[in-house]
Amino acid sequence: MTDTHTKILFKYYSDYLDEVVSETMWAEIIDEEKGLYKLDNIPFFGPLIATDDIFYAEYDETEQKLMHRKTIQNSGNSIVQVAVLEKGFDKEIIREKLKSINCISEELNDTFFAAEISKDVDYSLVRSILTEYDSQEIIEYAEPCLSEKHRTDLLKS
């Protein structure tokens with residue numbers, strides 16, 4: 001994977017953790033000389049970036065690695081974060097429901113996962129699944145990176 005991809009460091013404030021976090025993610029190399037990359041990971045803690053977004057990164061002397069500087073082009077994809085509140089609840093139930101409408105996810109641990117909502121998915125379907133469990137206080141969810149397309153989906157429903 002290293003011929004076409006590289007790891008990039010992202011540093012940002014996480015509302016979820018209430019602190020500055022560092023997250024290293026894989027990115028496809030678009031134009032190394034210009035510092036252009038396309039995100040090929042699902043972010044866990046939510047910088048304003050989603051899978052397939054194109055961004056600018058440059059080498060950071062302090063960190064000794066490539067570091068995200070700014071997003072250049074949004075893909076239309078969105079990212080949601082889900083925290084399981086109810087002890088013993090199997091988060092795979094929600095992950096499978098999301099997968100059935102073409103939303104892939106990555107788990108961080110037993111009680112937290114992030115999901116990619118691709119631009120061709122109607123976000124109102126995703127919101128209804130999450131709201132069902134949120135209203136029962138089984139989960140809490142956040143929408144750190146919601147694309148314009150997905151915001152529009154919610155206005156239509």
Side-chain angles (χ1 to χ4, degrees), residues 1 4-5 7-30 36-57 67-157:
M1 201 158 160
T4 58
H5 290 69
K7 285 200 162 195
I8 309 278
L9 175 66
F10 292 75
K11 268 191 152 179
Y12 47 86
Y13 182 80
S14 166
D15 288 333
Y16 178 73
L17 296 173
D18 197 25
E19 64 186 44
V20 174
V21 294
S22 297
E23 189 171 351
T24 305
M25 294 186 264
W26 283 106
E28 182 182 338
I29 301 164
I30 302 294
L36 297 178
Y37 301 88
K38 181 163 73 169
L39 190 64
D40 197 16
N41 250 135
I42 299 174
F44 280 120
F45 294 115
L48 290 175
I49 193 163
T51 317
D52 295 337
D53 285 1
I54 295 174
F55 63 93
Y56 172 73
M67 192 164 169
H68 169 267
R69 296 295 185 209
K70 67 178 179 180
T71 303
I72 307 289
Q73 181 182 337
N74 294 313
S75 61
N77 297 338
S78 295
I79 302 293
V80 295
Q81 303 161 331
V82 179
V84 178
L85 303 174
E86 187 176 290
K87 287 200 184 317
F89 178 78
D90 183 3
K91 71 181 173 323
E92 296 307 313
I93 294 168
I94 299 173
R95 290 183 71 199
E96 283 300 317
K97 283 187 177 188
L98 291 173
K99 188 177 176 184
S100 74
I101 56 170
N102 296 320
C103 299
I104 61 171
S105 61
E106 285 187 28
E107 65 181 345
L108 179 66
N109 54 38
D110 289 344
T111 60
F112 186 86
F113 68 91
E116 169 195 284
I117 318 305
S118 67
K119 63 182 169 233
D120 56 350
V121 170
D122 181 344
Y123 189 69
S124 60
L125 298 173
V126 175
R127 177 71 75 82
S128 70
I129 291 169
L130 297 175
T131 304
E132 174 190 346
Y133 292 95
D134 184 67
S135 65
Q136 298 173 53
E137 297 183 4
I138 293 171
I139 65 160
E140 261 181 2
Y141 70 94
E143 302 164 324
C145 186
L146 204 55
S147 72
E148 281 305 311
K149 189 269 180 198
H150 290 137
R151 289 175 207 270
T152 305
D153 288 348
L154 293 174
L155 296 175
K156 293 179 196 169
S157 59

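No hydrogens, no waters, no symmetry mates; every other heavy atom, side chains included, goes into these values.
With sequence neighbours excluded, the residues satisfying side chain to side chain contact (heavy atoms under 4.5 Å, CB included) with Asn109 are Thr111, Phe112. For the side chain to side chain donor-acceptor pair (under 3.5 Å) test, residues two or more places apart in sequence or in another chain that qualify with Lys11 are Glu63. Remark: Ser118 engages Asn77, Glu116, Asp120, Val121 in a side chain to side chain contact (heavy atoms under 4.5 Å, CB included) (not counting sequence neighbours). For Phe113, there are no ring-ring contact (aromatic ring centres under 6.0 Å, His included) partners two or more places apart in sequence or in a different chain. The side chain to side chain donor-acceptor pair (under 3.5 Å) check on Glu96 picks up nothing, with sequence neighbours excluded. Contacts of Tyr37 classified as side chain to side chain donor-acceptor pair (under 3.5 Å), with partners at least two apart in sequence or in another chain: none. For Lys99, there are no salt bridge (Lys or Arg N to Asp or Glu O under 4.0 Å) partners, not counting sequence neighbours. Every residue meeting the salt bridge (Lys or Arg N to Asp or Glu O under 4.0 Å) condition with Glu92, not counting sequence neighbours, appears here in chain and number order: Arg95. Listed by chain and residue number, nothing satisfies the ring-ring contact (aromatic ring centres under 6.0 Å, His included) test with Tyr56 (two or more places apart in sequence, or in another chain). Applying the side chain to side chain donor-acceptor pair (under 3.5 Å) rule to Lys97 yields the partners Tyr133; only residues at least two apart in sequence or on another chain are considered. Applying the ring-ring contact (aromatic ring centres under 6.0 Å, His included) criterion to Tyr141, with sequence neighbours excluded, gives no partner residue. Legend: residues meeting salt bridge (Lys or Arg N to Asp or Glu O under 4.0 Å) with Arg151, ordered by chain and number and at least two apart, are Glu148.
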(request) Check the pair Leu154 / Tyr123 against side chain to side chain contact (heavy atoms under 4.5 Å, CB included), numbers first and verdict last. (result) CA-CA 7 Å; Leu154 293 174; Tyr123 189 69; 3.7 Å; yes
(request) Check the pair Phe55 / Ile30 against side chain to side chain contact (heavy atoms under 4.5 Å, CB included), numbers first and verdict last. (result) CA-CA 9 Å; Phe55 63 93; Ile30 302 294; over 6 Å; no
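Taken from CG in Asp52 to CG in Asp40, the straight-line distance is 7.0 Å, to the nearest 0.5 Å. Atom CG of Asn102 sits about 12.5 Å away from atom CG of Asp122, to the nearest 0.5 Å. Rounding to the nearest 0.5 angstrom, the gap separating the CD1 atom in Ile42 from the CD1 atom in Ile117 is 8.5 Å. To the nearest 0.5 Å, the span separating CG on Leu130 from CD1 on Ile94 amounts to 7.0 Å. How far NZ of Lys119 is from OG of Ser75: 6.0 Å, rounded to the nearest 0.5 Å. Separation of atoms CG (Leu36) and CD1 (Ile29) is listed at 11.5 Å; rounding is to 0.5 Å.
In summary, the side chains of Ser124 and Asp153 do not present any donor paired with an acceptor at a separation below 3.5 Å, with no hydrogens or angles considered.
What you find for Gly76 and Ser147 is that their closest heavy atoms are O-OG, 2.8 Å. Summarising the geometry of Pro43 relative to Ala114, their closest heavy-atom pair is O-CB, 3.3 Å, with the distance given to 0.1 Å.
Of the candidates Glu107, Gln81, Glu106, Glu106 is the only one forming a side chain to side chain contact (heavy atoms under 4.5 Å, CB included) with Phe44.
Other residues, nucleotides and ligands place no more than 12 heavy atoms under 6.0 Å from the CG atom of Asp110.
With contacts defined as side-chain heavy-atom distances shorter than 4.5 Å, the pair Thr71/Leu48 does not qualify. Between Lys38 and Asp53, every side-chain heavy-atom pair lies at or beyond the 4.5 Å cut-off. Leu98 is listed as a side-chain neighbour of Val126, based on a closest heavy-atom distance under 4.5 Å. Between Met67 and Ile8, every side-chain heavy-atom pair lies at or beyond the 4.5 Å cut-off. Put simply, the side chain of Ile49 reaches to within 4.5 Å of the side chain of His68, judged on heavy atoms. You'll find the side chain of Phe10 reaches within 4.5 Å of the side chain of Leu39, heavy atoms only.
Aromatic ring orientation, His5 versus Trp26: perpendicular (interplanar angle above 60°, classes split at 30° and 60°).
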